[in-house]
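Only this structure's heavy atoms are used, side chains among them; waters, hydrogens and symmetry mates stay out.
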Amino acid sequence: MFEMTGVGEAMDRILRNLRTSMRAFRQHKGIAVAVIVVMALGIGAATTIFTLVYSVLLRPSPYPSPERLVQIESFTEEDGAGKVSFPDFDDFRRRSRSFETLVIAGPLRVVLTGTDRGAEAVVGEYVSSDYFEAFGVN
């Protein structure tokens with residue numbers, strides 16, 4: 001019969017260490033509780049960090065061909081970064097030879113009236129007509 005002496009010895013050592021640890025934990029219950037709490041906090045922290053890294057960096061994008069999407073911003077000293085006027089956007093779109101589609105989007109705040117609750121502030125975004133097509137949404 002095939003015998004794995006190295007693995008058997010290692011398992012014996014692990015079991016002996018486990019028995020010794022359990023005896024020590026029974027004798028020193030405060031230390032056992034502290035070890036369990038520290039292990040639980042460490043596992044919880046590691047899980048939280050992995051979840052954040054996965055959701056921000058590793059999760060696949062919900063858009064088709066995300067490697068083909070780029071964001072273009074302009075910068076002026078008066079307006080700061082990120083603001084592109086519609087005439088500039090229209091010029092970019094007409095003259096573009098490198099991009100398949102150009103879209104524009106920005107924050108929009110409006111007041112909705114005519115509801116039974118009276119006037120209500122609504123936050124949304126304005127988008128150009130081909131916005132949804134560029135992201136593969138019908």
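- When hydrophobic clusters are built by joining Ile, Leu, Val, Met, Phe, Trp and Tyr residues whose side-chain heavy atoms come closer than 4.5 Å, directly or via intermediates, Y126 is grouped together with V122.
- Linking Ile, Leu, Val, Met, Phe, Trp and Tyr whenever their side-chain heavy atoms come within less than 4.5 Å leaves V38 and I36 in two separate clusters.
- Judged as a ring pair (Phe, Tyr, Trp, His ring centres under 6.0 Å), and not counting sequence neighbours, the contacts of F135 are Y63, Y131.
- At a threshold of 4.5 Å between non-hydrogen side-chain atoms, the residues R109 and V123 count as touching.
- L108 contributes atom CG, which lies 8.5 Å from atom CD of E125 (distance to the nearest 0.5 angstrom).
- Aromatic ring centres of F89 and F86 lie closer together than 6.0 Å.
- T113 contributes no side-chain N or O that, together with a main-chain N or O of A119, makes up a donor-acceptor pair within less than 3.5 Å.
- Both I49 and Y54 are members of a single hydrophobic cluster when ILVMFWY side chains are connected at heavy-atom separations under 4.5 Å.
- Side-chain atoms of I104 and V127, non-hydrogen and from C-beta on, never get closer than 4.5 Å to each other.
- The two residues V103 and A134 come nearest to each other via the heavy atoms CG1-CB, 3.9 Å.
- Annotation: side chain of F99 is in contact with side chain of V70 (closest heavy-atom distance under 4.5 Å).
- Remark: T47 OG1 to L52 CG distance equals 11.0 Å, nearest 0.5 Å.
- Sorted by first then second residue, the side chain to side chain donor-acceptor pair (under 3.5 Å) pairs that include residues 87-96, not counting sequence neighbours, are S85-D88, D91-R94.
- Around CD of E133, the count of heavy atoms belonging to other residues, nucleotides or ligands within 6.0 Å does not exceed 12.
- Transitive grouping of hydrophobic side chains (ILVMFWY, heavy atoms separated by less than 4.5 Å) keeps V33 and V35 in distinct clusters.
- When the side chains of ILVMFWY residues are joined at heavy-atom separations under 4.5 Å, either directly or via intervening members, V137 and L69 end up in a single hydrophobic cluster.
- Applying the side chain to side chain donor-acceptor pair (under 3.5 Å) rule to pairs touching residues 12-34 yields nothing, sequence neighbours excluded.
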